[in-house]
Amino acid sequence: MAPCPLDVAIKNSWNPEDRSLNVFVKESDKLTLHRHPVAQSTDCIRGRQCYTRGLHVWEITWTGQQRGTHAVIGVATSQAALHCNGYQSLVGADKESWGWDLGRNKLYHDYKNEPSVSYPSHLNPDETFLVPDKFLLVLDMDEGTMSFVVDGQYLGVAFRGLKGKKLFPIVSAVWGHCEITLRYLNGLDPEPIPLKDICRTTIRHYAGYKINVIHKEVNLPVALKNYLLYQDNANQHFVF
């Protein structure tokens, strides 16, 4: 699918009315937030829209040099806190939010009571995964999952059990003058899934992250490989 128009993207980006006072949405770029350089403060902002159904994809632009010690992206309910004193991974701190800490490669949800989980899941305990400046956040409210895509590679499901909730995209940041862009790419409403798509999803589930080397190591017809990799031809690539 082609990216949605800018006006639709703005309606699905940061909410200038639902934020920490230390964060604001830029007038010159309504998809981008700016955080004031306030010491010993963790600050969040939610998106404009609440999602309960459908599949939704955003492109996140967050320069690695502007992440600092606690850089977390994810989803949250309307009850999640938007500010706290000191520096912490505020998204994922309680039961109202689910977040991926980009520096620690950890998933947090109610982390004061629940242990964190490494993400991507195939990482070794001492391995560091460098998240680039741009990546995709994928929210599937029909399946109740949140996932991420980096450099065209699907990293697998980060969180499950989100179905039935009312969720907003959210970010928590601590770096002074950091700017984070939330660009809604597009979405799909719920509809019956074709059998061939169910088969593809099942194969990709059991293959895990190894699906990305299928074109090199598995002896399958080219058309089938392209289908499993969401490629309709050699010149076009889709992440979904």
Carefully, step by step, assess Ile60 and Leu182 under the rule side chain to side chain contact (heavy atoms under 4.5 Å, CB included).
-> CA-CA 5 Å; Ile60 312 296; Leu182 181 70; 3.2 Å; yes
Could you grab the distance from atom NZ of Lys95 to atom OG1 of Thr77, nearest 0.5 Å is fine?
-> 12.5 Å
With side chains defined as the heavy atoms from C-beta onward, is the minimum distance between Val131 and Arg67 less than 4.5 Å?
-> yes
Decide side-chain hydrogen bond (donor to acceptor under 3.5 Å, both in side chains) for Gln88 and Tyr108; before the verdict, give the C-alpha distance in whole Å, the side-chain angles of both, and the deciding distance to 0.1 Å.
-> CA-CA 11 Å; Gln88 66 169 281; Tyr108 297 132; over 6 Å; no
What is the distance from atom CD1 of Ile45 to atom CD of Glu17, rounded to the nearest 0.5 Å?
-> 9.5 Å
Is there a side-chain contact between Leu55 and Asp142, using heavy atoms and a 4.5 Å cut-off?
-> no
Check whether Val91 and Tyr111 end up in the same hydrophobic cluster, where Ile, Leu, Val, Met, Phe, Trp and Tyr are linked by side-chain heavy atoms less than 4.5 Å apart.
-> no
Atom pair CG/CZ of Leu102 and Phe148 - distance to nearest 0.5 Å = 7.5 Å
Okay, side chain of Asp133, backbone of Gly64: is any donor-acceptor separation there less than 3.5 Å?
-> yes
Could you tell me whether the side chain of Tyr184 reaches within less than 4.5 Å of the side chain of His56, counting heavy atoms only?
-> yes
If two hydrophobic side chains count as joined below 4.5 Å and joins carry through other members, does Leu188 share a cluster with Leu185?
-> yes
CG of Leu155 to CG of Leu136, rounded to nearest 0.5 Å, is 9.5 Å
Under 3.5 Å, is there a donor-acceptor pair between the Arg19 and His83 side chains?
-> no
Give a yes or no on whether Leu224 atom CG has more than 12 heavy-atom contacts from other residues, nucleotides or ligands under 6.0 Å away.
-> yes
Is any side-chain heavy atom of Leu162 closer than 4.5 Å to a side-chain heavy atom of Leu139?
-> yes
So, does Arg183 use its side chain to make a donor-acceptor pair with the main chain of Leu31 at under 3.5 Å?
-> no
Main-chain N/O of Phe129 paired to Asn105 side chain as donor or acceptor, under 3.5 Å = yes
Could you pull out the closest heavy-atom pair between Asp43 and Ser20, with the gap in Å?
-> OD1-OG, 2.6 Å
Mind listing the closest non-hydrogen atom pair of Arg104 and Ser89 along with its distance?
-> NH1-OG, 4.3 Å
Transitively linked via ILVMFWY side-chain contacts under 4.5 Å: Val25 with Val23?
-> yes
Trp58 side-chain N/O to Asn12 backbone N/O, donor-acceptor pair under 3.5 Å | yes
Is the side chain of Thr32 donor-acceptor paired with the backbone N or O of Glu179 at a distance under 3.5 Å, no angle test?
-> no
Whether over 12 other heavy atoms sit under 6.0 Å from Glu27 CD | no
Heavy-atom check, side chain of Pro169 versus side chain of Gln49, under 4.5 Å | no
Indicate yes or no for a side-chain donor-acceptor contact from Asp94 to the backbone of Glu96 under 3.5 Å, with no hydrogens or angles considered.
-> yes
Cluster overlap Val171 with Val150, hydrophobic side-chain contacts below 4.5 Å = yes
Taking all non-hydrogen atoms of both residues, which atom of Cys50 and which atom of Lys166 are closest, and how far apart?
-> SG-CB, 3.2 Å
State the NE2-CG distance between His70 and Asp101, to the nearest 0.5 angstrom.
-> 7.0 Å
Ile180-Val174 co-clustered via ILVMFWY side chain contacts under 4.5 Å | no
Partner of Ser147 under side-chain hydrogen bond (donor to acceptor under 3.5 Å, both in side chains), chosen from Tyr119, Tyr154, Trp100 | Tyr154
Looking only at non-hydrogen atoms, find the nearest pair between Ser41 and Asn22 and report the distance.
-> OG-ND2, 3.1 Å
Can you name the closest pair of heavy atoms from Lys106 and Ser116 and give their distance?
-> CD-OG, 3.7 Å
Distance in Å, His34 NE2 paired with Cys178 SG, rounded so as to fall on 0.5 Å steps | 7.5 Å
Would you confirm whether Asn186, through its side chain, and Pro3, through its main-chain N or O, come within 3.5 Å as a donor-acceptor pair?
-> no
Any donor-acceptor N or O pair under 3.5 Å, side chains Tyr51, Asp140 = no
Output yes when Asp18 and Arg46 qualify as a salt bridge under the 4.0 Å nitrogen-oxygen rule, no when they do not.
-> yes
Return the minimal non-hydrogen interatomic distance between Tyr227 and Arg200, and the atom names on each side.
-> O-NH1, 2.8 Å
Return the orientation label for the His36 and Phe24 ring planes: parallel under 30°, perpendicular over 60°, tilted otherwise.
-> tilted
Parallel, tilted or perpendicular for His109 and Trp98, by the 30°/60° rule?
-> parallel
Between the side chain of Thr145 and the main-chain N/O of Arg160, is any donor-acceptor distance below 3.5 Å?
-> no
